[in-house]
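Every number for a ligand or one of its atoms is a count from 1 in the order of the listing.
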Amino acid sequence: MATVNLSDYHPLQIDDADSFRIGIVVSEWNDFVTFNLRDAALEVLTKEGVSLENIKIFKVPGAFELNYASMQLCKTGYFDAIIAIGCVIRGETPHFDYVCSAVAQGIKDCNILTDVPAIFCLLTDDTKEQSIARSGGELGNKGVEAAATALQMIDFKRKL
Ligand SMILES: Nc1c(NC[C@H](O)[C@H](O)[C@H](O)CO)[nH]c(=O)[nH]c1=O
Ligand SMILES: CC(=O)[C@@H](O)COP(=O)(O)O
């Protein structure tokens, strides 16, 4: 199978990106993955001109807690976008499905119930190897995509 780099993005060069205020919520579960996602997102944001002082990073225990933290940050009205970062790896029981579905719904709710774009950067993988491949491995880094998406959605909102 050809290796596709899912994070092959091209510089966006968005005007006034230096003023964008972005909150990043990172789950500590599987931090060997989530911290790589976080770092890649930070790298893209700063490369695109976002001031480091305008990027606030928050940690939560697990992916399920991304719901509460992301909604709270959206409701402050301070941030132009939120990036929710987590990694859920399937175990023996249906718990995986409940957690993944809950976070997808929770971050969706942030987008439709608040005025703040909330980016869904949750890996939902069957194996640790799949997660590693998507957080800086041969399939790129989902954190790159999440950062680029956040910038594009802020730009979208500002042009309404
Ligand atoms: N199994 C994983 C979890 N489980 C924990 C939940 O996210 C949550 O913290 C708990 O149910 C308490 O509310 N979390 C992950 O982020 N990744 C997993 O693989
Ligand atoms: C996705 C999870 O919460 C995972 O840790 C649960 O594992 P298990 O289904 O084996 O209890």
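The shortest N or O to N or O distance between Thr93 and ligand 2 is under 3.5 Å. For ligand 2, none of its N or O atoms has an N or O atom of Trp29 under 3.5 Å away.
Scanning the protein heavy atoms around atom 18 (C) of ligand 1, the nearest turns out to be Trp29 CE3, 3.2 Å. When hydrogens are left out, the protein atom nearest atom 3 (O) of ligand 2 is His95 ND1, 2.5 Å; that is the closest non-hydrogen contact. Protein heavy atom nearest atom 19 (O) of ligand 1, with residue, atom name and distance: Ile89 N, 3.0 Å. Given atom 12 (C) of ligand 1, the protein heavy atom at minimum distance is Glu65 OE2, 3.4 Å.
Under a 4.0 Å heavy-atom criterion, Ser27 is in contact with ligand 1. Using a 4.0 Å cutoff on heavy atoms, Pro61 does not count as a contact of ligand 1.
Through direct or indirect side-chain contacts shorter than 4.5 Å among Ile, Leu, Val, Met, Phe, Trp and Tyr, Ile112 is connected to Met71, Leu113.
Under the salt bridge (charged side-chain N to carboxylate O under 4.0 Å, His left out) criterion, Lys75 pairs with no residue, sequence neighbours left out.
For atom 17 (N) of ligand 1, the candidate residues are Cys87, Ser131, Gly91, Gly62; the nearest heavy-atom contact is made by Cys87.
Heavy-atom neighbours of Lys128 NZ from other residues, nucleotides or ligands within 6.0 Å: at or below the threshold of 12.
Those atoms of ligand 2 that come under 4.0 Å of a heavy atom in Ile89, given as number and element, are 1 (C).
By the criterion of a heavy-atom distance under 4.0 Å, the side chain of Val88, and not its backbone, is placed next to ligand 2.
The two residues Ile89 and Phe96 have their closest heavy-atom pair at C-CD1, 3.7 Å.
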